[in-house]
Amino acid sequence: MQFEYELLSGTCLQLCVQQANDSDARFAYHTQHTILLNDLCIRDLGFFSLATLAEIDARGAYYITRLRSDIKVYIKQDGEWHEWDWESIGNRLDEGEAVEVEHVYIGHQRLYVPRLIFRRLTAEEWEKRLAYVRKKEKKKGKALSRQTLEQKKYHILLTNLPQESFDAQQVYELYSLRWQVELLFKGWKSLFDLDRVKKMKKERFECHLYGTLIAILVTQTLLFQARRYWHQREGTEISEWKALNILQSYWHRFLLHPQAMETALPSLLSLLRKHARKDRRKGEETVSDLLKKLGIW
């Protein structure tokens with residue numbers, strides 16, 4: 001299942017079910033019609049595609065993506081191509097330190113990328129990533145090469161965002177917003193039992209799946225409208241998780257009796273304001289905090 005949405009408004013751009021062997025990169029390439037001028041596309045590594053990056057740039061939009069470990073990076077000096085030696089640079093970096101390389105070219109096509117941001121993980125970050133890598137290795141029954149494993153000690157981002165608008169640290173902060181879609185998926189699975197299906201005929205399963213997705217879209221539309229309403233009205237930030245938990249018990253009423261939504265909406269908004277406020281942990285920034293700091297919201 002593929003899902004793409006606009007973070008600020010919550011508008012669903014794409015929601016589709018596809019074959020299990022269809023690649024994320026192919027999906028990204030065939031959904032480029034949703035990309036508008038000055039959009040910022042933040043996607044996971046699985047969606048990495050040189051053709052897609054070139055198309056985003058050609059449409060006057062922006063991207064932030066991680067670099068796939070099998071893609072080589074080149075620098076052009078005095079008319080000659082030189083492969084970028086990330087290993088020697090990485091060995092000189094302290095934990096958490098980052099450097100930026102401008103005007104690089106990637107892949108066999110030598111796709112031009114204005115900025116590459118290269119950061120060494122901290123010991124804590126590397127420990128978490130290594131545990132994840134080992135888990136994947138065990139699942140696939142295949143160990144990563146030494147070079148690939150070594151490269152995973154670093155976080156490499158590619159972007160065409162102007163440097164005068166967002167520095168390297170701000171690019172990393174922007175990329176961290178991608179995690180919001182993972183949290184939404186987690187909420188879908190937990191609250192709508194999306195990943196729990198009994199044995200049934202294919203036709204019945206399709207009805208169950210698409211019915212659940214319709215319920216999710218109705219609920220999520222209400223969620224993002226409520227989030228925007230309370231943020232603009234009094235700066236209150238609504239927790240997606242808490243709001244989904246409350247709203248998932250209302251969606252069927254609105255589907256069966258859509259005329260009741262208009263009268264029920266004010267009380268539902270008040271309910272969310274009272275019981276779905278986002279908890280603030282000391283020292284942690286919320287999505288709203290980050291968007292305000294970056295001058296986006």
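Only heavy atoms go into these numbers, but all of them, side chains included; no hydrogens, no water, no symmetry mates. All of these numbers come straight from a predicted model, not from anything done at the bench.
Pairs of residues two or more places apart, or lying in two chains, that qualify as side chain to side chain donor-acceptor pair (under 3.5 Å) and include a residue from residues 103-117 are Glu100-Arg115, His103-Tyr112.
Of the candidates His231, Gln225, Arg233, Tyr229 forms a side chain to side chain donor-acceptor pair (under 3.5 Å) with just one, namely Arg233. Among Lys274, Arg273, His275, the single residue meeting the side chain to side chain contact (heavy atoms under 4.5 Å, CB included) criterion with Leu271 is His275. Considering Leu177, Leu174, Leu7 as possible partners of Leu40, the one that fulfils the side chain to side chain contact (heavy atoms under 4.5 Å, CB included) test is Leu174.
Scanning all heavy atoms of the two residues, the minimum distance from Val197 to Met200 falls at CG1-CE, 3.8 Å. Smallest separation of non-hydrogen atoms from Ile246 and Ala276: CD1-CB, 4.1 Å. In terms of heavy-atom proximity, Arg228 sits nearest to Leu8 at NH2-O, 4.2 Å. Ile238 and Ala226 make their closest contact through CG1-O, 4.3 Å (heavy atoms, listed as atom of the first residue, atom of the second, distance). Scanning both residues, Leu290 and Ser176, for their nearest heavy atoms gives CD2-OG, 3.7 Å.
The shortest side-chain heavy-atom distance between Tyr175 and Glu173 does not fall under the 4.5 Å cut-off. Two residues are said to be in side-chain contact when any heavy atoms from C-beta on lie closer than 4.5 Å; Arg227 and Gln232 fail this criterion. Taking the side chain as every heavy atom from C-beta outward, Leu247 and Leu272 approach each other to under 4.5 Å. For the pair Gln18 and Arg26, the minimum side-chain heavy-atom distance is 4.5 Å or more. Counting heavy atoms from C-beta outward, Phe205 and Lys198 have side chains that stay 4.5 Å or more apart. The shortest side-chain heavy-atom distance between Ile117 and Tyr172 falls under the 4.5 Å cut-off. Leu116 has its side chain out of reach of Leu157: every pair of non-hydrogen atoms, C-beta onward, lies at least 4.5 Å apart. No side-chain heavy atom of Lys242 sits less than 4.5 Å from a side-chain heavy atom of Arg277.
For Asp39 (side chain) and Leu36 (main-chain N/O), a donor-acceptor pair under 3.5 Å exists by modelled atom type. With hydrogens and angles disregarded, a donor-acceptor distance shorter than 3.5 Å links the side chain of Asn160 to the backbone of Ala61. A distance-only check finds a donor-acceptor pair linking the side chain of Thr212 to the backbone of His208 [under 3.5 Å]. The backbone N or O of Asp85 lies less than 3.5 Å from a partner atom in the side chain of Ser88, making a donor-acceptor pair. In this structure a side-chain-to-backbone donor-acceptor pair under 3.5 Å is present from Gln32 to Tyr29. Side chain of Asp167 to main chain of Gln169: a donor-acceptor pair is present (N/O by atom type, distance under 3.5 Å, no hydrogens or angles).
A salt bridge is defined here as a Lys NZ or Arg NE, NH1 or NH2 lying under 4.0 Å from an Asp or Glu carboxylate O, and Lys202 with Glu206 meets this definition. Ion pairing of Lys142 with Glu137 is absent here, as no side-chain N (NZ or NE/NH1/NH2) approaches a carboxylate O to less than 4.0 Å. Comment: Arg59 engages Glu55 in a salt bridge, judged by a side-chain N to carboxylate O separation of less than 4.0 angstrom.
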Notebook entry, point to check: Step by step, would you call Lys278 with Glu240 a salt bridge (charged side-chain N to carboxylate O under 4.0 Å, His left out)?
Noted result: CA-CA 8 Å; Lys278 184 181 285 289; Glu240 288 86 350; 3.6 Å; yes

Next item on the list: Evaluate the salt bridge (charged side-chain N to carboxylate O under 4.0 Å, His left out) criterion for residues Glu87 and Arg146: first the C-alpha distance (whole Å), next the side-chain angles of each, then the deciding distance (0.1 Å), finally the verdict.
Entry: CA-CA 12 Å; Glu87 204 161 3; Arg146 184 207 67 82; 3.4 Å; yes

Check: Can Met1 and Leu213 be said to form a side-chain contact (heavy atoms from CB on, under 4.5 Å), step by step?
Finding: CA-CA 10 Å; Met1 186 169 64; Leu213 292 178; 3.4 Å; yes

Next item on the list: With salt bridge (charged side-chain N to carboxylate O under 4.0 Å, His left out) as the test, would you mind laying out the steps for Arg119 and Glu95 before giving the verdict?
Entry: CA-CA 8 Å; Arg119 176 179 175 271; Glu95 289 184 11; over 6 Å; no

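There is a side-chain donor-acceptor pair under 3.5 Å between Gln14 and His33. Side-chain contact annotation: Thr236 with Glu234, donor-acceptor N/O pair under 3.5 Å present. Ser270 and Ser267 form no side-chain donor-acceptor contact under 3.5 Å, judged by distance and modelled atom types alone. For the 3.5 Å distance criterion, the side chains of Trp188 and Gln220 qualify, holding a donor opposite an acceptor. A donor-acceptor contact closer than 3.5 angstrom is absent between the side chains of Thr148 and Gln151. A donor-acceptor pair shorter than 3.5 Å can be found between the side chains of Ser9 and Thr11.
Grouping Ile, Leu, Val, Met, Phe, Trp and Tyr by side-chain contacts under 4.5 Å, direct or through others, puts Leu183 with Trp179. Within the hydrophobic cluster formed by Ile, Leu, Val, Met, Phe, Trp and Tyr side chains joined at under 4.5 Å, directly or through other members, Phe47 is accompanied by Phe27.
With values rounded to the nearest 0.5 angstrom, Leu217 atom CG is found 11.0 Å from Leu222 atom CG. Note that CZ of Arg66 and CD1 of Ile42 are 14.0 Å apart. Values are rounded to the nearest 0.5 Å. One distance of note links CG of Leu294 with OG of Ser165; it measures 11.5 Å at 0.5 Å rounding. How far CG of Asp193 is from CD of Gln248: 9.0 Å, rounded to the nearest 0.5 Å. Atom-to-atom distance recorded for Ile214:CD1 and Thr219:OG1 is 11.5 Å, nearest 0.5 angstrom. Taken to the nearest 0.5 Å, the CZ atom of Phe48 stands 14.0 Å off from the CG atom of Asp24.
Side-chain rings of His155 and Phe118 stay apart, their centers remaining 6.0 Å or farther from each other.
Counting non-hydrogen atoms of neighbouring residues, nucleotides and ligands closer than 6.0 angstrom, the CZ atom of Arg204 reaches no more than 12 such neighbours. Within a 6.0 Å radius of CD in Gln147, other residues, nucleotides and ligands contribute 12 heavy atoms or fewer.
Ring-plane geometry between Tyr5 and Phe3 is classed as parallel, the angle between the planes falling under 30 degrees on a 0 to 90 degree scale with a further cut at 60.
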